Asks: 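The following block contains the structure, expressed as structure tokens.
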Amino acid sequence: MAERLTGHTELVGLIAYPIRHSSSPAMHNEAFAYLGLDYAYLAFEVDNSTLEDAVKGIRALKLVGSNVSMPNKTVVGQYLDKLSPAAELVGAVNTIVNKNGVLEGHCTDGIGYMQSLKDYDIDVIGKKMTIVGAGGAGTAIEIQAALDGVAEISIFNIKDKFWANAENTVKKINEKTNCKAQLFDLADHEALKREIDSSVLLANATGCGMKPLEGMT
């Protein structure tokens, strides 16, 4: 990488804590090289205590932008100039774009999910989908799907710490978009069967299959 850095190379960051384990710099720098983009991507160890100063640094040093991970995603929005509709509704930012000194916050998780459906010619716009899960990933998908024009979303979740978040997400979707959202208890298997039967898509946004739930499906 060093041989392609010049006085014109622009910097992209990742701010999170802890961060030294991240594969993002390797992936992004490889992508920049492949695409012929004169950018460099570095990881910066930043937590909530230094976050405001880090955001000021993005503007002062004219970084192209930065990715944001925990524990900063739900906090960083207050230091930015603008938020995308999705970031505002989700209440989280994972990407900052510097547009000539104006810092815009975006939440790209839902965008990526919706794009993946398009990539496989799966059309849910104007139709109904069912999704299980109401954590960070589930919320981002639900909000973006509603913004993109999905007509109905049936959300299922267990009565855990994310239940209140699910209730809030349903309220936001119904008040701020043209989509109709409903929340169901995942323990209600008859409702789950009924909603799946009337949907064109079932999405799994739970932690099943990942640590510490590797044995669950």
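Remember, predicted model here, so these are calculated numbers, not experimental data. Index from 1, following the sequence.
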Asks: Any side-chain donor paired with an acceptor under 3.5 Å for Asn72 and Asp47?
Replies: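 Side chains of Asn72 and Asp47: no pair found under 3.5 Å.
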
Asks: Checking the side chain of Asp185 only, and the main-chain atoms of Asp188 only, is there a donor and an acceptor separated by less than 3.5 Å?
Replies: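 Flag not set: sc Asp185 to bb Asp188 has no pair under 3.5 Å.
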
Asks: For Met129 and Ser154, what are the C-alpha separation, side-chain angles and deciding distance, and is it a side-chain contact (heavy atoms from CB on, under 4.5 Å)?
Replies: CA-CA 6 Å; Met129 66 180 285; Ser154 295; over 6 Å; no

Asks: Which side-chain hydrogen bond (donor to acceptor under 3.5 Å, both in side chains) pairs, counting each pair once, include a residue from residues 156-167, with sequence neighbours left out?
Replies: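 For residues 156-167, and leaving out neighbouring residues, the side-chain hydrogen bond (donor to acceptor under 3.5 Å, both in side chains) pairs sorted by first residue read Thr139-Asn165, Asn157-Asp160, Trp163-Glu167.
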
Asks: Honestly curious: do Val68 and Leu61 fall in one hydrophobic cluster under the side-chain, below-4.5 Å linking rule?
Replies: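 Yes, Val68 and Leu61 fall within the same hydrophobic cluster.
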
Asks: Any salt bridge linking Glu88 with Lys176? Criterion: basic side-chain nitrogen under 4.0 Å from a carboxylate oxygen.
Replies: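 Salt bridge absent between Glu88 and Lys176.
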
Asks: Scan the side chains in residues 140-149 for donor-acceptor partners under 3.5 Å anywhere in the protein, sequence neighbours excluded, and list what turns up.
Replies:
unit_1: Gln144; atom_1: NE2; unit_2: Asp148; atom_2: OD1; d: 3.0

Asks: Going only through I, L, V, M, F, W and Y residues with side-chain contacts under 4.5 Å, is there a path from Leu51 to Tyr17?
Replies: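 No, because Leu51 and Tyr17 fall into different hydrophobic clusters, even though each may have its own neighbours under 4.5 Å.
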
Asks: Let me know which of Asp38, Val12, Thr9 forms a side chain to side chain contact (heavy atoms under 4.5 Å, CB included) with Phe32.
Replies: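 The side chain to side chain contact (heavy atoms under 4.5 Å, CB included) with Phe32 is passed solely by Val12 among Asp38, Val12, Thr9.
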
Asks: Please report the shortest heavy-atom distance between Ser66 and Ile58, naming the atom on each side.
Replies: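 Taking Ser66 first and Ile58 second, the nearest heavy atoms are CB-CD1, 3.8 Å.
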
Asks: Between Asn94 and Asp109, does any side-chain donor sit less than 3.5 Å from a side-chain acceptor?
Replies: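 Their side chains do contain a donor-acceptor pair, which is all the 3.5 Å distance test asks for.
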
Asks: Can any side-chain N or O of Asp81 pair as donor or acceptor with the backbone N or O of Leu103 at less than 3.5 Å?
Replies: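 Yes.
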
Asks: Look at the side chain of Ser84 and the backbone N and O of Ala87, then say whether any donor-acceptor pair between them is shorter than 3.5 Å.
Replies: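 Answer holds: yes.
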
Asks: Do NZ/NE/NH1/NH2 and the carboxylate oxygens of Glu190 and Arg194 come within less than 4.0 Å?
Replies: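 The answer is no: the pair does not qualify as a salt bridge.
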
Asks: On the 0 to 90° scale, with breaks at 30° and 60°, tag the Tyr41-His28 ring pair as parallel, tilted or perpendicular.
Replies: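 Taking His28 first and then Tyr41, their aromatic rings lie parallel (interplane angle under 30°).
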
Asks: Show me the donor-acceptor pairs within less than 3.5 Å that the side chains of residues 119-127 make with the rest of the protein, sequence neighbours left out.
Replies:
unit_1: Asp119; atom_1: OD1; unit_2: Gln115; atom_2: NE2; d: 2.9
unit_1: Asp123; atom_1: OD1; unit_2: Ile125; atom_2: N; d: 3.2
unit_1: Lys127; atom_1: NZ; unit_2: Asp123; atom_2: O; d: 3.4

